[in-house]
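Since the structure comes first, as structure tokens, the remarks are kept for the end.
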Amino acid sequence: MLPEKRRPTHPGEILRYEFIEPLKMTQQQLADAIGVTRVRVNELVLGKRSLSPDTAFRLAKLFDTTPDFWMNLQNSVDMCNGR
């Protein structure tokens, strides 16, 4: 059973544990594949950066998901933080 007051999972955590690591991909390889800097990917994975709509579209295209999947993760984090 999940705790009631659990914080939402940051999209960077999902990106890391559900996509990057299982695919044995480096952050640099991901950055190259979606056309952004490694720093941008790293900050996202570490939870230091919010996921932008632009990045959501890029990730959705690469991983055959939807931009809404990624933006809903970010929206949950933002709502919890009172943004």
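Hydrogens, waters and symmetry mates play no part in the numbers below; they use all other heavy atoms, side chains included.
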Query raised in the report: Shortest non-hydrogen contact from Ser76 to Pro8?
Result: O-CG, 3.3 Å
Query raised in the report: How far apart are the C-alpha atoms of Ile20 and Gln29, what are their side-chain angles, what is the distance that settles it, and do they pass the side-chain contact (heavy atoms from CB on, under 4.5 Å) test?
Result: CA-CA 9 Å; Ile20 295 174; Gln29 289 170 327; over 6 Å; no
Shared ILVMFWY cluster between [X] and [Y], side chains joined below 4.5 angstrom?
{"X": "Val36", "Y": "Ile14", "value": "yes"}
{"X": "Phe19", "Y": "Leu59", "value": "yes"}
{"X": "Met71", "Y": "Ile34", "value": "yes"}
{"X": "Leu73", "Y": "Leu46", "value": "no"}
{"X": "Trp70", "Y": "Met25", "value": "yes"}

To the nearest 0.5 Å, tell me how far [X] [atom1] sits from [Y] [atom2].
{"X": "Cys80", "Y": "Arg6", "atom1": "SG", "atom2": "CZ", "result": "10.0 Å"}
{"X": "Leu30", "Y": "Asn42", "atom1": "CG", "atom2": "CG", "result": "11.0 Å"}
{"X": "Glu13", "Y": "Leu44", "atom1": "CD", "atom2": "CG", "result": "10.5 Å"}
{"X": "Glu43", "Y": "Ser50", "atom1": "CD", "atom2": "OG", "result": "11.0 Å"}
{"X": "Thr66", "Y": "Lys61", "atom1": "OG1", "atom2": "NZ", "result": "15.5 Å"}

Taking the side chain from [X] and the backbone from [Y], do they hold a donor-acceptor pair closer than 3.5 Å?
{"X": "Glu18", "Y": "Leu15", "result": "no"}
{"X": "Arg40", "Y": "Ala31", "result": "no"}
{"X": "Thr55", "Y": "Leu51", "result": "no"}
{"X": "Asn72", "Y": "Asp68", "result": "yes"}

Requested in this report: Just do the side-chain contact (heavy atoms from CB on, under 4.5 Å) check on Arg58 and Asp54 with the steps written out, would you?
Outcome: CA-CA 6 Å; Arg58 292 169 187 258; Asp54 175 63; 2.9 Å; yes
Query - Hydrophobic cluster (4.5 angstrom, side-chain heavy atoms) - remaining members for Tyr17 - result: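 Members alongside Tyr17: none; it stands by itself.
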Requested in this report: Would you tell me whether Ser52 and Arg49 have side-chain atoms, one donor and one acceptor, within less than 3.5 Å of each other?
Outcome: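 Not at all, the side chains of Ser52 and Arg49 share no donor-acceptor pair under 3.5 Å.
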Query raised in the report: Does atom CZ of Phe63 have more than 12 heavy-atom neighbours from other groups under 6.0 Å away?
Result: yes
